[in-house]
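What follows is a short report on a single structure.
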Amino acid sequence: MILFAQRCALALATLCVAFTSVVGAQTPAAVPPVPSPTGQRLFDAARDKLVQIRILTRAGSSQSSVGSGFLIAPDGTALTNYHVISQLVLEPQRYRAEYVRVDGKRGAVALLGFDVIHDLAVVRLEEIAGAAHFSLREEAEPLRQGEKIFSLGNPLDLGFAISEGTYNGLVERRLYDTIHFTGALNPGMSGGPAVDETGRVIGVNVAGTGGELANLLVPLRYVRALIAAPRGALDKKAITPQLIAHQDALVAALLGKPFPKQTLGPTTVAVGEDKLLRCWGQSAAKPEKPYRTESIRCTLQSALFIDQNFTTGSISWDHTYRNGDKLGAMRFAAWNARTLAVSSMVGQGSLKPTRYLTRPHCHEDFVTHSATTFRVSVCVRAHREFEGLFDMNINAITVDRATEGFSSSLDIRGVSFANGNRLTRAFLEASSWTK
Amino acid sequence: MDEVIDDTVPVSVAAAETLAPAAQPADDVVFLEVLDKHDGLVERHRFERLPVTVGAAYDNDHIVDVESSKDRRPVAVTLARTHDGALAITASRGAADFWAPGGLTRSWRVDPDKSFILGGHRMRVRTRSYMPAPRATSSRVLPVLGRWAWLWSLLLALAGTSAMTWLGDIDGERSALYVTSALATMTILALWSAIWALVSRLTGRASHFLAHLSLAALAIVILLVLDYAFDTAAFAFNLPAIQRYDYALVGLIVGGLVWCHARLVSRLRPNAALMSALLIGGALFAFQALTAYTARGNIASTLTLTALRPPALRVATPSTVDAFFAGTESLKANAEASRPEKPDGFDFSAGGED
């Protein structure tokens, strides 16, 4: 019986070998992709300097989020993104962090400092002494557009990887410098290093833009500033001064000079400094419709990640001109009123207190300036975790013409009350009828 | 002793005189009907000639069993014709007063549609000439509105909802919107009226569907007109509070409507009608207040004014930019005072630092 089975197995193996030989003879030999010699070299050199950073629940050690990090000193000092370790800052009683090296070794992670504005964090990887680490590219050696750079990390928790791309200068219209990296970045690579062809760090992976291969890196100068900064508090109280500094920079950039204005139909409205904000226009006028609209929407890329459910520090505004000559005064007024119900703060679903925000408080009235009468409402929500900061929204809609009007709405997140008042006032004063 | 339960308008003795046909042909045959507390007939006694005495003692023509009471006077009345031929009930000399519409009395001129109470027994008196009232029709239930009330009130309601649709239909080409809103209005009216018709049928002899329909349609018209008027006032006088709490108006109108259905058409007792109105109107108010509270943390239906009207309707004087931003200063203190308010549901921040 055993002999019979052995014979069958032998016959089957012979058949398989013969079949494989035939197929192999009939198809051209598969050519393995040629690895990028630079990429291969860089990855080999970086293996011991890369880590995956895992955030785990203290209760059950379940994995809550993952990111990447890299060693920058032999004592275990490493860099990552703030958003990778945000739960350690916000809820240290619930979460802890550990690192996993390429060879699978793991250990605890201790927080040393963080920079919410530029999304950076310095950590110490415990039980690593005398480890190999990355060096930083010199400031005196700026990157040139088109220069090849490589991003490393652990995308989608699939395993460590290297991605080749190009340096494309700094991203335009942002409050803070950010490197435009034309190469693949996937979730999980956040906090990993971007290196030049010599393996020196030129930036830190931070985010995708949603565009194909258009991604963002934090420049090295912010890394140096964070490393050099004195170590202070490491809990969420340390976030407040950073957010206050951010909103001061934001308001200074916007109010440094008078609001640039733009014509929108028979109106003049505030738009942003072209080098700072992105504005998009839209026109909706169809002959068969008894109305037409023109609108402008501006946003400043300045939102700061606090946790998965809360970002702040952003600003956006929009203006919409409406003409309803064929609607008549009553229907036009009803149409115009829809804007009041959907302004950003008033229309955003639940307005009850959240973990981060109080419920809104509003002040409203009819206001006249520059021969234009508005219905204006200003709504404010205080930040519950970050004292001295507020979300503010102003919504102004003209009420002085029977069949035409325009509305202007400004939404600011995480601003001091004084700065918010300055901004909303300047915004309102920049809008008026011109004809 | 029970008080007299009167399901129509209370009538005094004097008023009863005007109701009672004083010039009835003299007919000494009378019927004494003993009723339950809902005016349902328990027993009927025929008497061939007057006067008829009713009382606890066995020397009366009709004997009633009297429960013990503080009033030790005997219970006895005499039913007889007065000098003008009308029937009247009079307490016997030395006997206790009895209950008639209007309260305790010694004498009451008989109204064949009303009852009196003697020794705890509800009774009424009718003659052979009494004609039962014909079944009330809808137009008789609400005579003020007229025979075609259901038609014109329905048309008004449809016109009102169409006007609201027209205000919002800025594209001006969606005829389906008007049909849909008209159908929705008619469906709601039909269902509401059907429910009340059932109530009427259960509590009376007729359903009065058209009367109920008239009331409901009129309520819709009143609601639409008042809602628009309130929003207009909120805009015109810069009083957003009018709009914030205008759902109280809905509660009031629906409560009033329920009372009209229950009392004027279904002829429920006053207390039952009032209770129905309070319950349904109050429930509607509470539902809207809770909905607002769930969304905003307070019972205002809107955070800021959401109604605009043509400029000609604005009465309030606009403020200056300076004055407006002086007014916003209080927002800081208000918002900061709100910090301790905790969010509903799971509190993510609980635990470590606290």
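Lettering of chains follows the sequences in order, A, B, ..., and the numbering in each one begins at 1. Everything numeric here is computed off the predicted structure, so don't read it as measured data.
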Side chains of [X] and [Y], heavy atoms from C-beta outward: is any pair under 4.5 Å?
| X | Y | answer |
| --- | --- | --- |
| Phe325(B) | Leu428(A) | yes |
| Leu331(B) | Phe390(A) | no |
| Leu167(B) | Met330(A) | yes |
| Phe324(B) | Phe374(A) | no |
| Asn421(A) | Lys332(B) | no |
| Lys352(A) | Tyr293(B) | yes |
| Thr320(B) | Thr368(A) | no |
| Ser338(B) | His361(A) | yes |

Spell out, as yes or no, whether a donor-acceptor pair under 3.5 Å connects the side chain of [X] to the backbone of [Y].
| X | Y | result |
| --- | --- | --- |
| Arg381(A) | Ala335(B) | no |
| Arg339(B) | Ala382(A) | no |
| Glu364(A) | Leu305(B) | yes |
| Arg375(A) | Ala307(B) | no |
| Arg314(B) | Phe366(A) | no |

(message) Below 4.5 Å, heavy-atom pairs only: which of Ala418(A), Gly405(A), Pro290(A), Gly328(A) has the largest tally toward chain B?
(response) Pro290(A)
(message) For the interface with chain B, which of Ala329(A), Ala402(A), Ala333(A) has the highest count of heavy-atom pairs at distances below 4.5 Å?
(response) Ala333(A)
When rounded to the nearest 0.5 angstrom, what is the spacing between [atom1] in [X] and [atom2] in [Y]?
| X | Y | atom1 | atom2 | answer |
| --- | --- | --- | --- | --- |
| Phe417(A) | Thr328(B) | CZ | OG1 | 4.5 Å |
| Trp166(B) | Leu327(A) | CH2 | CG | 8.5 Å |
| Arg384(A) | Glu341(B) | CZ | CD | 8.5 Å |
| Asn238(B) | Asp365(A) | CG | CG | 4.5 Å |
| Ile170(B) | Tyr291(A) | CD1 | OH | 4.0 Å |
| Asn334(B) | Thr358(A) | CG | OG1 | 10.0 Å |

Side chain from CB out, backbone as N, CA, C, O: work out which of these in [X] comes under 4.5 Å of a heavy atom of chain B, or both, or neither.
| X | result |
| --- | --- |
| Ile397(A) | side chain |
| Leu389(A) | backbone |
| Thr424(A) | both |

(request) Please check if atom CE in Met275(B) has more than 12 non-hydrogen atoms from other residues, nucleotides or ligands closer than 6.0 Å. (result)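 Not more than 12 within 6.0 Å, no.
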(request) Assess whether atom CD of Glu429(A) is packed by more than 12 heavy atoms of other residues, nucleotides or ligands within 6.0 Å. (result)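 Result for CD/Glu429(A): enclosed.
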(request) Output yes when Glu329(B) and Arg425(A) qualify as a salt bridge under the 4.0 Å nitrogen-oxygen rule, no when they do not. (result)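 Judged by the 4.0 Å cut-off on N to carboxylate O distance, Glu329(B) and Arg425(A) do not form a salt bridge.
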(request) May I ask you to decide whether Lys286(A) forms a salt bridge with Asp171(B), counting only side-chain N to carboxylate O separations under 4.0 Å? (result) no
(request) Could you tell me which non-hydrogen atom of Leu308(B) sits nearest to which non-hydrogen atom of Ala337(A), and how far apart they are? (result) N-CB, 3.6 Å
